[in-house]
Structures are given as C-alpha cells and as structure tokens.
Asker: 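Please read through the structure below; I'll follow up with questions.
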Amino acid sequence: MSRRILVTSALPYANGHIHLGHLVEYLQTDMWVRFQKLRGNECVYICADDTHGTAIMIRARKENCDESDVIARMRKSHLSDFNRFQIAFDEYGSTNSDENREICHDIWKFARAANLIAEKEVEQLFDPIAGTFLADRFVKGTCPFCKAEDQYGDSCEKCGKTYTPKDLVNPHSTLSGATPELRTEKHLFFQLEKLHGFLNEWTQAGTHLQPSVAEYLKNFFLNEPLRDWDISRPAPYFGFEIPDFPGHYWYVWYDAPIGYVGTTLAWCKRTRQSFESWWKNSDTEIHHFIGKDITYFHTLFWPAMLHTAQYTLPSRVHIHGFLTVDGEKMSKSRGTFVQASTYLDHLDPAYLRYYYASKLGNNTNDLDLNLDEFVAKVNSDLVGKVVNLASRTARFVQTCGLSSTYPEDGGLFAEAAKDSEQIANTMEDGDFNRAMRLVMTAADRANLYIDQQAPWTLVKDPANAKKVQDICTVGLNLFRQIVIYLAPVLPELATKVGELLGEPIHAWEQAQTPLIGTPVNTFEHLMVRVKKEQVEAMIEAGKEENVVPQTSGTSTDEAAKTTANTVSEALTAEPFVEERINIDQFGAVDLRVAEVLRVEEIPEARKLLKLTLGFGGDVQKTVFAGIKAAYTPERLTGRLVLCVVNLEPRKMKFGTSEGMVLCAGTGGSDLFVLSPDSGAKPGQRIH
RNA sequence: CGCGGGAUGGAGCAGUCCGGUAGCUCGCGAGGCUCAUAACCUCGAGGUCAUAGGUUCGAAUCCUAUUCCCGCAACCA
C-alpha cells in the first residue's frame, strides 16, 4: 500500500550561504525522501528560502539595493549548492511568494476567528537615524549587572545574565551608532496558552516527537502557562503586511513555516495536483526535518497554527543535533566553518553523503565530523569494500556478460535479499548509521566470497571460463544489491551502476531479483579515494573565505594582503573594533607599570593565578589573572607587567580582583603577558 | 538545584528500554592473497563498560549518590 508523504527541511535564511552544518539536515532529508520514493511511496520534498525579517532589510540597505535583489542572488547560490550535493527538491519556493501570502492570510482568518490574537503595547528601542526598530541583537551597551561593555541587547556574554535591551547602560544601535529611543508600539500576540490542552496532547501522545523532545517540552514549556507570542512588527519591516492591522507586518517566524504550505501550493499549481489532498487530508503524512534550535517553533506554534486553521498536522517532526568538527563547534578562525561551495571545490559530495549517513541516528545528538575518520571511512567503506567489489569482478565478464541463469552462491544473494526489510526499517526510522552498518556487513560477505572463489586463479585455465563467469555474476549481483540499498545515500553511484549493468536502479524491490544474461559495460572507476591533503586544502580555503574586511574603510586590496600572512588569523578571530573612541575615553583607562611581587597558585582554580602587584613603595594590588594554563608562578615573579588599575574591582570565587594584567593571545595556553622596556619603573603611568 | 545529551580497548561509536560469555569500524602487530583504486582475507594484542554504593544467583544494562565533558536557554542548521 503506497503512502502519501510530504517532507520538508527547515527553510534556509536568505541572508547566508549553505554550510556543512546546514547539510546535516538537507542531506538527511534528501536521503529519507529518496528512500521513500525507491520504496514506491508517493513522496514530495518541499523547501524554500526564508526571505523576510530585519536582517534582509538591513542588508539590502547596506548594499544599497532592493530586498528582492538580495533574495534573488542568495536563491541562486542556494539552488546551486543543493543541486551539486544532489539534494532533489520537488519544489523550492520562497516565503516571499503570492502563494505564501495567500496561505498566511488564510491561516490568519482562522486565528482571528478563534479569538487567539490579542493587541498589546510593547516598548521597543528605535533607531532614529536608521529609522527602524531594533531587534535585540542590533543593540549593544554595558551590561546592567556586571558592567561589561559592548554586550548584546538580550544577554551578557561575560556574566551570563539576561535582560531586555532597555536595561542596557549606554545603549547604542549597531546600525548607525545612534542612541536608541524607547518607543511604544502596538503589537499583536498569538495567545498560545488557549491551546495548551491541545499541545499537551499532541506533543505527549503518539510518535510525533522523539521521546527526549517530548520530555523537554513537558518540563520546559508545558509545565507552566504558555507565553503569548509576539507576531507583528511595526513598519518599516520586510515581510507581509497584516491585512487587518495596516502599518504592521507579520514577524518572520509567522510566515516561515507557512512557507512549507505556500510552497506546496506552488507545486500543486505547477503539477496540477490537488492542494487539499496534501494539506487537508488525514491520509497524508507530513514530516518536518529540523535542527534542535528551532524545536520551539515547530512543536508548539506550528501545530497550534495548523490545528487552528484546520490543516493536516505533522505526523512527525524529526529533530537532529548540530554539527561539530573534530569535536568542537564549527569555527571561522579554525577554518571549520566550511561553506557547501568550498567543500565542493575540493571533495566529492558522495563522501559527505555517506559519512553523514554512517553517523546519523534517530536522536538529537550532535554529529561530529572527524576529519581523519572521514578520510578513513570513505576510503575503507566506499572504495575498499563496496566499489572494490565491482572493480575486482567486472573485468572478468567484460566480454561474456552475466551468466544466463543465476548460479549457486551458497545462499548469499538470498541472505542479502532478506536484509532488505531490516535495512528499510532502520532507514524509515532515520537510523541511517545502522542501515550503513548492515550494508557494510553484506559487503564483507561478498568480498569474502570472492576471496574464497579466487576467480583470478581459475581464469588462467580457459576450461574454467564458465565457472569464472558464474563467480563474477554472483559478485556483481551482490554488489548491485548493496548499491540499491545505498541508492538513497549515493544516487550518483546507483546511476553509474545501472549503466554498468545495463539496467537502471529505480526501486528497492530490485534487490530481490538477480540480474542475469545481461552484458556488462566497460568498467571505469566508480569512485576515487579521498586524500587527506584534499581535506586539509578545504580547511585552508575555509579559513580564507571567512576573512572579510571588517571596516568599511578597508580596501579590498588591503584585505587581500592580510590573508597572505599570519596576522590575518588574529584579525579574523577578533576584527578591529569599528567604534571609535576619543582621547578622553582612552585617558579614562589608568594603565600602570607594575612589578609582580608574589604569585600564588590556587589549587581549586582551573584558570586563575593570584598575583600581588607592587607599584612602588607600599602600594600593592591583588589581581586574579586567568593565565594559569600559560604561566607558572616562577616565570612571572619579579617581572614588570602592565596593569589596568582603575577597573571596577571584581568579586571572584577566590577573592576580589583589583585590576587586570594586559595579555595578548586567544586565551587558554595561548597567552602572552606584556612587559615594558627595561628602565620603566613600577607605578609609572602609560600614555 | 534551568533543561537535555554523553562518559564502553589508541580514535569514533553500537549494545542500556526487555540484566545472562563485551561488539563494530578505523588504527596497531603477525600471516595469507596478488583480481582489485597500497584495495581483499585470516589470526592476534588492547577494555575492572567515569566513580562509589545498592538490588540480584548474575549488572555496561536496574536503583541511589558523585565527578567530568558537551549542547541548548526562545530570530545561527
């Protein structure tokens, strides 16, 4: 019985390029969709660019063009990346489309009718120069709690406290530098609490969500009244204007998930399908693939909106973790923040498709791209095991083709045919790692068979011709089964093998019947080994592509120059601060030469050393410096260092720190204490 | 006590729900083969399953406590 399945991936934002992290999601979804199609299900894969919001508006302004130009450019880039990674959408739309507007209006009608929309006044910071309201991340200022400077509008990176932008001391707009004004505006709110009962049931019952996700929602959101969701933004805003609230626009997160529906509508129009049969039909399964960061929107607001507007609810929301590279967060300065196009400049997309598949499970764990393992896995599994099967047999049957009846093989083909359902089940569940392991076990059996039969020995005697043909017929059929099972992951390999053996691979069931009596085309390498150097080259390129001129005054020539030497690394990690200060502000910082009198180790402290600094005479200060990893007490004692002496004293776990010792470096063990030239005296001020 | 995930031979992971001889891939050592892209096959070394208690005939698995890592905390997948 064929199922009707609609699948989506989260919509990439039209303000950035696709990178390896995004691909965890798109590749996983694509493999799942291809699997469903191979199984004979009616399956459609929907995605779109997410185009609305402040960020796009700001970018268009900066580049002095229209939002539609930004969107069009990014769309082209996204489509190219997806295409080259063999991610095959049935429809790739845009949230900025007529169809999406239509659905937004439709769902809105229901929300209004259900009396779920409330109007409230909201205080928000307004940039009078840029003429726009400021989202939290566009405001910076001094943390109201710990007085750390240059913190974002929502939380302090230094002390970790959260607050609202209007709490900031000395706030300024990152757009224009202007001091924001506090303005009051009307906003519309979606009263989610009114659907609390429905959401309790929907999230906790059935298999809509992975158990850990359901648990998370229960403990974190559903155990208290659900907050109202602010879904409007006053002009100027790039998005759809709210029909019954002129001058206000839907917040980007309202129309983004609706993009799934709007894009389906566009696809239905193009292919003359019935829209109702996809989004107003309980027989249709809807599967969303998303990252864990947007769980909240897809498991609470989105079902609430669909429920209200009487659309089909998702059958399942598949939530995955993030990508780490060599165990750490992707990092621009380390070069591990690799864009899709950079990867493709150096490596075959099949490698990444397989590698991700071999690591993906039905869980929200982060997936680690271990670069050494990547090389080892691709080479030993794909080249050494799978492709090698064809490589070591095809040549022997180049002229005679496959045997006309399927030979005795000791039950090997039947065994792999029987694996079909188990592999299919693991793929259905999204446990691609298990599926890959099962497939590799089948490849091991096939390699062992060829080893034992040793056709290369038999072939020396022409009397064994038939026997050799039979052995290779078995070998190639076992190989073909494996490639069928791998087809969702490696579509290009499946196509090539279809051509090699004269029959296209198009259905999962083909693994049940051996190919016999067909000619075998000239064998060519189906996949080449990956070299460590290629991966290294990609990482190097990743470092360079992220060196961008940080200040508008930097000419491209200068930027290019700095990429050539090591200075760029430091500058990439920490670009020049754009904001200028005047001489008075600099003068406010009291820098002094100090002598390190004593250094005490604090055994319990992980990072801190306790320094006692002398400024001449009896004047001393105690400073806790986070340099334990880089310096031993012996190396510091007696040295002259530079110290900020008028810094607000800071209470720390082991005492109060009364100043700060100046260091260069990125932290940890990469730290270098600064010293004055010889002749300087403790207590001297630095100008 | 904010929430969640994790800790298993050198590396990455499975096994944990439903206790019963500790498994896979890579790497390492020895041998075999020479058809194959330094590929393939066989054998071997290497783990007190984070720690401490408890339940049990029996615990990686169940219970309790502790330690350490990582992610998230509501417009970065």
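A, B, ... follow the sequence lines: proteins, then strands. Residue 1 opens every chain.
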Asker: Suppose we define a pair by two distances each less than 3.5 Å, Watson-Crick or G-U wobble; what does B:G44 pair with here?
Answerer: B:C28

Asker: Using purine N1 to pyrimidine N3 plus N6-O4 or O6-N4 for Watson-Crick, or N1-O2 and O6-N3 for G-U wobble, both under 3.5 Å, which nucleotide pairs with B:U51?
Answerer: B:A65

Asker: Give me the distance, rounded to whole Å, that separates B:A52 from B:U67 when you measure between the P atoms they each carry.
Answerer: 15 Å

Asker: Pick the C1' atom in B:A60 and in B:G20, then give their distance to the nearest Å.
Answerer: 13 Å

Asker: Any base atoms under 4.0 Å from A:Gly21, or only sugar-phosphate, or nothing? Heavy atoms, all strands.
Answerer: base

Asker: Just to verify, which of A:Tyr260, A:Tyr45, A:Tyr26 counts as forming a side-chain hydrogen bond (donor to acceptor under 3.5 Å, both in side chains) with A:Ser9?
Answerer: A:Tyr45

Asker: Would you kindly give the CG-to-P distance between A:Asp381 and B:C24, to the nearest whole Å?
Answerer: 15 Å

Asker: Give the rounded distance in Å between these two atoms: CZ of A:Arg437 and C1' of B:C26.
Answerer: 13 Å

Asker: If I pick the P atom on B:U8 and the same atom on B:G47, what distance separates them, to the nearest angstrom?
Answerer: 15 Å

Asker: Taking only the C1' atom of each, what is the distance from B:C26 to B:A39 in whole angstrom?
Answerer: 15 Å

Asker: OH of A:Tyr13 versus P of B:C75: gap in Å, rounded?
Answerer: 12 Å

Asker: Roughly, in whole Å, what's the span from CZ in A:Phe322 to P in B:G4?
Answerer: 17 Å

Asker: Look at the rings of A:His208 and A:Trp202 and say which category their plane angle falls in: under 30° parallel, 30 to 60° tilted, over 60° perpendicular.
Answerer: parallel

Asker: Checking all strands, does A:Leu20 fall into the base, sugar-phosphate, or nothing category for heavy-atom contacts under 4.0 angstrom?
Answerer: nothing

Asker: Provide, to the nearest angstrom, the distance between the CD atom belonging to A:Glu373 and the P atom belonging to B:C26.
Answerer: 11 Å

Asker: Would you find more than 12 non-hydrogen atoms of other residues, nucleotides or ligands less than 6.0 Å from A:Arg84 atom CZ?
Answerer: yes

Asker: Under a 3.5 Å limit for both distances, which nucleotide forms a Watson-Crick or G-U wobble pair with B:G4, could you say?
Answerer: B:C70

Asker: Indicate, with yes or no, if the rings of A:Phe85 and A:Tyr343 have centres closer together than 6.0 Å.
Answerer: yes

Asker: Ignoring hydrogens and angles, tell me if any N or O in the side chain of A:Asp49 forms a donor-acceptor pair with the backbone of A:Thr51 under 3.5 Å.
Answerer: no

Asker: Which comes earlier along RNA chain B counting from the 5' end, the contact point of A:Tyr355 or that of A:Leu323, where each point is its nearest nucleotide?
Answerer: A:Tyr355

Asker: Applying side chain to side chain contact (heavy atoms under 4.5 Å, CB included) between A:Asn388 and each of A:Leu382, A:Thr393, A:Asn447, A:Ile450, report the one that passes.
Answerer: A:Asn447

Asker: Heavy atoms only: give me the nearest A:Ala14-A:Ile56 pair and the separation to one decimal.
Answerer: O-CD1, 3.4 Å

Asker: Could you check A:Asn433 against A:Asn370 and say which one's nearest nucleotide on RNA chain B is further toward the 5' end?
Answerer: A:Asn370

Asker: For A:Gln124 and B:C75, what is the distance between atoms CD and C1' respectively, to the nearest whole Å?
Answerer: 13 Å

Asker: Rounding to the closest angstrom, what is the interatomic distance between B:U61 and B:A50 at atom P?
Answerer: 8 Å

Asker: Centres of the A:His52 and A:Trp250 rings: under 6.0 Å?
Answerer: no

Asker: Just to be sure I understand the rule, does A:Arg233 reach a base, reach only the sugar-phosphate, or reach nothing, if contact means heavy atoms closer than 4.0 Å?
Answerer: base

Asker: How is A:Phe297 classified with respect to the nucleic acid when contacts are heavy atoms under 4.0 Å: base, sugar-phosphate, or nothing?
Answerer: sugar-phosphate

Asker: Could you tell me how far apart A:Asp368 (CG) and B:C26 (P) are, to the nearest whole angstrom?
Answerer: 19 Å

Asker: I'd like the P distance from B:G19 over to B:C62, given in whole Å.
Answerer: 9 Å

Asker: Paired with B:G23: which nucleotide, if any, by Watson-Crick or G-U wobble criteria at under 3.5 Å for both distances?
Answerer: B:C13

Asker: For atom P, what is the distance between B:C1 and B:U66, given to the nearest Å?
Answerer: 14 Å

Asker: In whole Å, measure the gap between the P atoms of B:U51 and B:G10 for me.
Answerer: 14 Å

Asker: Which base sits across from B:A60 as a Watson-Crick or G-U pair, both distances under 3.5 Å?
Answerer: none

Asker: Rounded to whole Å, how long is the line connecting atom OH of A:Tyr356 with atom C1' of B:C13?
Answerer: 17 Å

Asker: Please encode protein proximity along nucleotides 27-40 of chain B as a string of B, S and -, counting only heavy-atom distances under 4.0 Å.
Answerer: -----BSSBBB-SB

Asker: How close do A:Gly291 and A:Ile319 get, heavy atom to heavy atom, and via which atoms?
Answerer: C-CG2, 4.0 Å

